[in-house]
Q: 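One structure coming up, written as structure tokens, with questions to follow.
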Amino acid sequence: MKENGLDREADKELKIYVMCEIPSNILLADEFLEIFDGMSIGSNDLTQLVMGLDRDSGIVTHIANENNPSVKKLVAQIIHKCKEKGKYIGICGQAPSDYPEFAQFLVDEGIESMSLNPDTVIKIIMALGEKK
């Protein structure tokens, strides 16, 4: 990183995050969080790998989504682990845009940020506001 102008010692504002999109990122979170300043959950890939299903297959889309209890359990686990260690945790997957109830789950668990498709921002903000 230093060779490319990124020096964490010289620039205390520089934060390095890792994508959390495979189950081993969660299973080895303690080790990853010793190196990185936080994580960004890639929910699309994480869901596919947790479920062992092709997320692009029309045959399984009704069960292969982030609302599956096993996926939610791992997502909650990594949110709590990052918060416990004072590290950043966000999500950059499709799920909060597609499933307002999943967006609410993320907020309830303490996610710091989530990406949304531009055409869903208002709908999701309003859905989250209704739950207060």
Side-chain angles (χ1 to χ4, degrees):
M1 288 187 349
K2 285 182 184 179
E3 291 176 14
N4 292 296
L6 299 173
D7 185 350
R8 292 171 88 181
E9 293 173 17
D11 183 357
K12 299 298 182 195
E13 299 293 316
L14 178 63
K15 302 292 182 198
I16 308 295
Y17 304 131
V18 65
M19 288 297 298
C20 181
E21 54 191 352
I22 57 177
S24 62
N25 293 135
I26 298 166
L27 295 170
L28 299 174
D30 287 322
E31 289 85 346
F32 279 101
L33 292 171
E34 286 179 19
I35 300 167
F36 297 100
D37 299 305
M39 295 182 155
S40 182
I41 300 166
S43 64
N44 300 6
D45 288 332
L46 182 62
T47 299
Q48 178 170 278
L49 293 169
V50 168
M51 301 290 298
L53 300 170
D54 178 1
R55 70 175 186 240
D56 296 324
S57 169
I59 298 169
V60 295
T61 54
H62 64 288
I63 60 168
N65 69 58
E66 289 81 353
N67 284 309
N68 179 277
S70 61
V71 176
K72 289 174 80 172
K73 184 173 185 174
L74 287 178
V75 168
Q77 185 176 332
I78 197 59
I79 291 171
H80 297 163
K81 178 61 74 172
C82 286
K83 296 190 79 62
E84 169 190 313
K85 294 193 168 284
K87 303 285 185 149
Y88 167 82
I89 185 67
I91 188 167
C92 59
Q94 183 68 29
S97 294
D98 290 346
Y99 308 107
E101 68 278 13
F102 189 77
Q104 184 64 55
F105 159 77
L106 293 169
V107 170
D108 293 345
E109 294 298 322
I111 198 88
E112 291 182 55
S113 68
M114 68 178 87
S115 62
L116 295 170
N117 293 346
D119 62 330
T120 67
V121 172
I122 302 297
K123 175 182 88 170
I124 299 302
I125 289 173
M126 293 186 68
L128 294 174
E130 292 172 2
K131 303 293 181 190
K132 287 186 177 183

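In what follows, every heavy atom counts, from backbone to side chain, and hydrogens, waters and symmetry copies are set aside.
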Q: Atom CD1 of residue position Ile35 - does it have more than 12 heavy atoms of other residues, nucleotides or ligands inside 6.0 Å?
A: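 Enclosed: over 12 neighbouring heavy atoms sit under 6.0 Å from CD1 of Ile35.
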Q: Quick one: do Val121 and Leu128 end up in the same hydrophobic cluster if we chain Ile, Leu, Val, Met, Phe, Trp and Tyr together by side-chain heavy atoms under 4.5 Å apart?
A: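 Yes, it is one cluster - the side chains of Val121 and Leu128 are joined through contacts under 4.5 Å.
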Q: Give the minimum heavy-atom separation between Ala103 and Met114, together with the two atoms involved.
A: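 Smallest interatomic distance, heavy atoms only, reads O-CE, 3.7 Å.
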Q: Excluding sequence neighbours, so at least two apart, what forms side chain to side chain contact (heavy atoms under 4.5 Å, CB included) with Asn4?
A: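 Asn4 satisfies side chain to side chain contact (heavy atoms under 4.5 Å, CB included) with no other residue.
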Q: Between Glu21 and Gly42, what is the shortest heavy-atom contact and its length?
A: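 The answer is CB-O, 3.5 Å.
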Q: Does one hydrophobic cluster hold both Tyr88 and Ile78, with members joined at side-chain heavy-atom distances below 4.5 Å?
A: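 Different clusters.
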Q: Could you go step by step and tell me if Glu101 and Asn67 meet the side chain to side chain contact (heavy atoms under 4.5 Å, CB included) rule?
A: CA-CA 8 Å; Glu101 68 278 13; Asn67 284 309; 2.9 Å; yes
Q: Which atom pair, heavy atoms only, marks the closest approach of Phe102 to Pro96?
A: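 For Phe102 versus Pro96, the nearest heavy atoms are CD2-N, 4.2 Å.
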Q: Are Ile89 and Leu28 connected in the hydrophobic side-chain network, where two residues link if heavy atoms are under 4.5 Å apart?
A: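 In one cluster: yes.
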Q: Does the pair Ile79 and Ile91 meet the rule for a side chain to side chain contact (heavy atoms under 4.5 Å, CB included), with working shown?
A: CA-CA 10 Å; Ile79 291 171; Ile91 188 167; over 6 Å; no
Q: So, using salt bridge (charged side-chain N to carboxylate O under 4.0 Å, His left out) as the criterion, who are the partners of Asp7 when residues are at least two apart?
A: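 Salt bridge (charged side-chain N to carboxylate O under 4.0 Å, His left out) list for Asp7, sorted by chain: empty.
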Q: Please round to the nearest 0.5 Å and tell me the distance separating atom SG of Cys82 and atom NZ of Lys87.
A: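 One finds 8.5 Å between SG of Cys82 and NZ of Lys87.
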Q: For Ser40, check side-chain hydrogen bond (donor to acceptor under 3.5 Å, both in side chains) against everything at least two apart and list the hits.
A: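 Per chain and number, Ser40 pairs via side-chain hydrogen bond (donor to acceptor under 3.5 Å, both in side chains) with no residue.
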Q: Tell me whether Leu33 shares a hydrophobic cluster with Leu27, the cluster being built from Ile, Leu, Val, Met, Phe, Trp, Tyr side chains joined at under 4.5 Å.
A: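 Shared cluster, no.
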Q: Tell me, which pairs form a salt bridge (Lys or Arg N to Asp or Glu O under 4.0 Å) where one or both residues lie in residues 104-125, sequence neighbours left out?
A: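 Passing the test, one end in residues 104-125: no pairs.
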Q: When Ile, Leu, Val, Met, Phe, Trp and Tyr are grouped by side-chain heavy atoms lying under 4.5 Å apart, directly or through other members, which residues fall in the same group as Ile22?
A: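 Taking Ile, Leu, Val, Met, Phe, Trp and Tyr as members, Ile22 shares its hydrophobic cluster with Leu49.
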Q: Please check if Tyr17 and Leu106 belong to a single hydrophobic cluster, counting links between Ile, Leu, Val, Met, Phe, Trp and Tyr side chain heavy atoms closer than 4.5 Å.
A: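 Result: no, two separate clusters.
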Q: Sort out for me which residue in Thr47, Ile111, Leu46 forms a side-chain contact (heavy atoms from CB on, under 4.5 Å) with Val75.
A: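 Filter result, single survivor: Leu46.
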Q: Which residue pairs pass the salt bridge (Lys or Arg N to Asp or Glu O under 4.0 Å) test with at least one member in residues 30-42, sequence neighbours excluded?
A: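 Sorted result for residues 30-42: Arg8-Asp37, Asp30-Lys81, Asp30-Lys85.
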Q: Could you work out, with side-chain hydrogen bond (donor to acceptor under 3.5 Å, both in side chains) as the rule, every residue matching Asp98, not counting sequence neighbours?
A: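 Per chain and number, Asp98 pairs via side-chain hydrogen bond (donor to acceptor under 3.5 Å, both in side chains) with Gln94.
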Q: Under the rule for side-chain hydrogen bond (donor to acceptor under 3.5 Å, both in side chains), what residues qualify as partners of Glu84, not counting sequence neighbours?
A: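 Applying side-chain hydrogen bond (donor to acceptor under 3.5 Å, both in side chains) to Glu84 gives none.
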Q: Go through the structure and list residues passing side chain to side chain contact (heavy atoms under 4.5 Å, CB included) with Leu74, not counting sequence neighbours.
A: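 Only Ile26, Val50, Gln77 meet the side chain to side chain contact (heavy atoms under 4.5 Å, CB included) criterion with Leu74.
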Q: State, yes or no, whether a side-chain contact exists between Met19 and Ile41 at a heavy-atom distance under 4.5 Å.
A: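 No; the side chains remain at least 4.5 Å from each other.
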Q: Could you give the distance from CG (Leu116) to SG (Cys92), rounded to the nearest 0.5 Å?
A: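 So the CG of Leu116 and the SG of Cys92 are separated by 12.0 Å.
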Q: What residues, two or more places apart in sequence or in another chain, satisfy side chain to side chain contact (heavy atoms under 4.5 Å, CB included) together with Phe36?
A: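 Per chain and number, Phe36 pairs via side chain to side chain contact (heavy atoms under 4.5 Å, CB included) with Ile16, Val18, Phe32.
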Q: Please name all residues satisfying side-chain hydrogen bond (donor to acceptor under 3.5 Å, both in side chains) with Thr120, sequence neighbours left out, ordered by chain then number.
A: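 Ser97.
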Q: How would you list, by chain and number, every residue that makes a side chain to side chain contact (heavy atoms under 4.5 Å, CB included) with Asn68, sequence neighbours excluded?
A: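 Listed in chain order: Met51, Ser70, Val71.
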